[in-house]
**Q** 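Below you'll find the structure I mean.
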Amino acid sequence: LALRAHDKGLELACHVKPDVPDGVLGDPGRLRQILVNLISNAIKFTEKGEIVTRVSLESKNGGWVNLRFSVADTGIGIPEDRQEAIFHAFEQADISTTREYGGTGLGLAISSQLVDLMSGKLRLESEEGKGTTFFFNLKLKLSDIEKVEPSELSDLTNMRVLVVDDNSTNRFIQEELLTQWDMSPVVVDSAQAGMAALQ
Ligand code: ADP
């Protein structure tokens with residue numbers, strides 16, 4: 001997926017919030033199938049901008065967690081009157097003969113059935129010309145390895161780290177992650193700012 005995103009000059013980011021547990025019991029193969037489908041669609045229908053996959057913790061209760069997964073793009077969007085139809089087999093948003101994109105119209109039908117089978121619901125929010133976010137919640141059982149502690153975490157404590165990235169979503173993700181590891185990140189948006197920070 002990264003190669004295709006890179007070829008189109010798109011930023012591909014993944015943001016797993018720090019409070020999401022490291023180990024849950026579920027079906028990783030199917031979850032991967034759903035996410036791969038949503039992210040490839042996002043890349044296909046986006047010409048400029050970024051695709052961000054997010055995982056966050058909605059609630060935690062008696063050994064169970066409710067996780068929210070979303071894939072957001074800055075692509076062509078889906079007209080409101082087609083937002084329901086595209087979840088059905090062989091349906092595509094643009095049904096004109098001048099349609100630019102190939103495809104079978106099956107990916108979302110399959111993904112939404114898989115999410116259903118895991119007792120979730122695949123939904124979307126979209127604005128034409130602005131982008132689309134597909135999202136679903138899954139209730140998953142916590143496994144024994146709720147949090148994996150890196151063995152040498154103490155070696156990183158207060159260590160200064162300079163992050164240079166032109167993409168603001170990536171800067172946010174890196175800063176959150178490094179802070180979570182007790183490091184002291186300085187985050188800047190250009191090589192020039194990076195040199196200045198180093199000096
Ligand atoms: P396919 O991509 O093979 O056509 P899908 O079932 O995966 O089949 O998607 C159905 C249709 O939904 C697509 O043809 C497209 O019109 C629309 N669609 C899906 N994802 C997006 C997206 N991220 N942005 C815009 N349109 C989308």
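Source: prediction; values computed, not measured. Read the numbers this way: they start at 1 and go in the same order the structure lists the ligands and their atoms.
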**Q** Could you report the tightest heavy-atom contact between Asn37 and Leu108, atom names first, then the distance?
**A** OD1-N, 3.7 Å
**Q** Please produce the table of protein N or O atoms sitting under 3.5 Å from N or O atoms belonging to ligand 1, one pair a line, distance to 0.1 Å.
**A**
residue	atom	partner	partner atom	Å
ligand 1	2 (O)	Asn41	OD1	3.3
ligand 1	2 (O)	Lys44	NZ	3.2
ligand 1	3 (O)	Thr104	N	2.8
ligand 1	3 (O)	Gly105	N	3.0
ligand 1	4 (O)	Gln92	NE2	2.6
ligand 1	4 (O)	Gly105	N	3.3
ligand 1	6 (O)	Gly107	N	3.2
ligand 1	6 (O)	Leu108	N	2.8
ligand 1	7 (O)	Asn41	OD1	3.4
ligand 1	7 (O)	Asn41	ND2	2.8
ligand 1	7 (O)	Leu108	N	3.4
ligand 1	8 (O)	Gly105	N	3.2
ligand 1	14 (O)	Arg99	NH2	3.2
ligand 1	16 (O)	Ala93	N	2.9
ligand 1	23 (N)	Asp73	OD2	2.8

**Q** Is the backbone of Ile76 close enough, under 3.5 Å, to the side chain of Thr46 for a donor and an acceptor to pair up by distance?
**A**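 No; judged by distance alone, with no hydrogens or angles, the pair does not exist.
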**Q** Run the side chain to side chain contact (heavy atoms under 4.5 Å, CB included) check on Val65 and Leu57 step by step: do they pass?
**A** CA-CA 7 Å; Val65 284; Leu57 177 69; 3.7 Å; yes
**Q** Kindly confirm or rule out a cation-pi arrangement of Arg54 over Phe69, judged by NZ or CZ under 6.0 Å from the six-membered ring centre and within 45° of its axis?
**A**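 Geometry flag: not set, cation outside 6.0 Å or 45°.
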**Q** Identify the two heavy atoms, one from Thr132 and one from Ser126, that lie closest to each other, and give their separation to 0.1 Å.
**A**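 Closest approach of Thr132 to Ser126, heavy atoms only: OG1-OG, 3.0 Å.
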**Q** Could you walk me through whether Thr133 and Glu125 satisfy the side chain to side chain donor-acceptor pair (under 3.5 Å) test, starting with their C-alpha distance in whole Å, then the side-chain angles of each, then the deciding distance to 0.1 Å, before giving a yes or no?
**A** CA-CA 5 Å; Thr133 301; Glu125 275 166 9; 5.5 Å; no
